[in-house]
Amino acid sequence: MYLTKDEEKYLNGEKGEVIERMFRLLVNLGDIYSADKMIPVGSVQVAGVSYKSMGDPGTEFLEDLANKGAKVKILTYLNPAGMDLENWKELGFPKDFAKNQLRIMDAFKKMGIVVTSTCTPYLAGNLPRFREHIAWSESSAVSFSNSVIGARTNREGGPSALAAAICGVTPNYGLHIWENRQPEIKIKVDVELSFSSDFGALGWYIGKQVKNKIPYFTGIKDANTDQLKALGAAMAASGAVALYHVEELTPEADLVNTKGLETINVGKKELKETYEKLNTGKKPDIIIFGCPHASLHEISNLADILFGKKLKKPVWICTSRMVKEVAERMGYNKIIKNAGGSIVADTCMVVSPIEEMGYKTTGVNSGKAANYLPGFCKQNVCFANVDDLIKEAL
Ligand code: F3S
């Protein structure tokens with residue numbers, strides 16, 4: 001790989017131990033994937049934030065880095081943490097868990113990372129531009145930025161994202177290169193998609209079929225950004241789709257070559273079967289929205305539905321701290337609280353320890369959450385659209 005004079009200094013340890021370690025990691029990654037050079041990145045999103053997934057070894061690794069003076073060079077955000085960083089007591093998160101989660105956040109803060117934890121950084125002050133190179137980690141955020149925004153990122157692991165943040169560069173390979181962003185399979189959609197859960201079910205079904213290929217959708221007549229985030233999140237969870245194109249909707253769809261591609265057809269039958277497959281539970285004891293983190297529009301819709309109602313089961317809406325602030329200002333938080341629900345910031349149903357909080361069956365409208373909850377949180381899942389889930393809670 002070609003390295004600049006400065007980059008050679010990084011590798012030789014002339015800029016200190018931390019930079020040397022981090023840059024070496026990037027060079028090794030670049031060598032594995034035959035990158036020709038390093039490229040500057042505009043922003044980073046680091047995954048591996050929850051104490052649930054990191055445990056003590058990960059926490060100590062971060063503290064060690066922070067104590068050795070590691071500092072990020074560019075705008076760096078974090079993936080959801082294991083709890084609401086402010087309201088954890090009120091929501092019943094375990095005290096010991098909270099103590100360790102706060103140690104992790106302190107280490108990140110010491111490194112200059114913005115300690116706001118969200119899988120929708122693009123809704124919370126970290127919005128890349130079309131064709132900007134970035135180094136993001138969380139699979140739904142990677143999918144959204146590549147597909148809906150047209151920015152360019154591989155799906156980084158926690159350490160490689162951190163290394164990119166500290167060095168300001170990433171190896172040039174994979175989805176950073178235009179030739180690698182061409183679709184590999186066509187998906188013809190012949191079913192009406194109304195709810196976000198329909199997009200989640202479609203995404204889950206397609207992810208299973210195409211694995212890590214790049215799909216090109218036709219037949220999706222319209223979709224807002226909330227629905228596209230649901231589609232991409234589910235495909236990244238059941239498969240490993242990091243980029244998709246939708247005819248007439250996503251920015252690169254007109255620029256890519258679709259000639260001669262094999263086609264998969266999806267209709268009513270496939271969607272119905274996917275809903276059935278994702279339903280492993282009967283009655284939810286908690287309902288959680290906001291996977292990926294809810295937008296202000298999704299929260300306002302839920303506030304409309306919940307206005308004047310009384311919930312009999314806990315309902316959480318997971319979102320970023322920034323969006324929660326605005327939801328509070330708009331009075332949505334009050335409406336949701338009066339109904340008995342909670343807007344939960346900084347975390348989500350998958351990375352928080354809900355199984356330790358006594359929940360066994362979770363209701364979700366997200367294909368991604370439905371995919372991970374059984375394995376990560378030992379949950380049975382009720383997968384349905386927002387209206388049916390709220391009916392279940394009243
Ligand atoms: Fe985000 Fe958690 Fe879902 S990180 S995409 S809300 S599983």
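When a ligand or atom number is given, it counts from 1 through the structure's own listing order. A quick note: this is a predicted structure, and the numbers were derived from the prediction, not measured. Numbering of residues begins at 1 and proceeds along the displayed sequence.
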**Q** May I ask whether S140 places a heavy atom under 4.0 Å from ligand 1?
**A**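 Contact present.
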**Q** If the plane angle is over 60° it's perpendicular, under 30° parallel, otherwise tilted; pick one for F217 and Y244.
**A**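 It falls in the perpendicular class, over 60°.
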**Q** Is the distance from atom 2 (Fe) of ligand 1 to the nearest N/O/S atom of C291 under 2.8 Å?
**A**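 No, C291 does not qualify, because none of its backbone or side-chain N, O or S atoms lies under 2.8 Å.
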**Q** Could you list which atoms of ligand 1 come closer than 4.0 Å to a heavy atom of P80?
**A**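 Contacts of ligand 1 toward P80, numbered from 1: 4 (S).
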**Q** Of all the atoms in ligand 1, which lie at a distance below 4.0 Å from a heavy atom belonging to E138?
**A**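 Checking each atom against E138, I get 5 (S).
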**Q** Which atoms of ligand 1 sit under 4.0 Å from any heavy atom of G290?
**A**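 Listed by number with element: 6 (S).
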**Q** List every atom of ligand 1 that sits less than 4.0 Å from any heavy atom of C119, numbering the atoms from 1 in the order shown and giving each element.
**A**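 Those of ligand 1 that fall under 4.0 Å from C119 are 1 (Fe), 4 (S), 5 (S), 6 (S).
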**Q** List every atom of ligand 1 that sits less than 4.0 Å from any heavy atom of V350, numbering the atoms from 1 in the order shown and giving each element.
**A**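 Those atoms are 7 (S).
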**Q** Report the relative orientation of the aromatic rings in F23 and Y10; use parallel for angles under 30°, tilted for 30 to 60°, perpendicular for over 60°.
**A**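 Taking Y10 first and then F23, their aromatic rings stand perpendicular (interplane angle over 60°).
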**Q** Are any of the side-chain nitrogens in E355 or K52 under 4.0 Å away from the carboxylate oxygens of its partner?
**A**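 Result for this pair is yes, salt bridge flagged.
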**Q** Output yes when K229 and E298 qualify as a salt bridge under the 4.0 Å nitrogen-oxygen rule, no when they do not.
**A**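 Yes, K229 and E298 are salt-bridged.
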**Q** Could you check whether E276 pairs with K272 (Lys NZ or Arg NE/NH1/NH2 to Asp/Glu carboxylate O, under 4.0 Å)?
**A**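 Yes, charged N to carboxylate O under 4.0 Å.
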**Q** If you measure from the Lys or Arg side-chain nitrogens to the Asp or Glu carboxylate oxygens, is any gap between K109 and D106 under 4.0 Å?
**A**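 Not counted as a salt bridge, because no side-chain N and carboxylate O are separated by less than 4.0 Å.
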**Q** Which option, C348, A237, A234, owns the non-hydrogen atom nearest atom 2 (Fe) of ligand 1?
**A**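 Among C348, A237, A234, the closest heavy atom to atom 2 (Fe) of ligand 1 belongs to C348.
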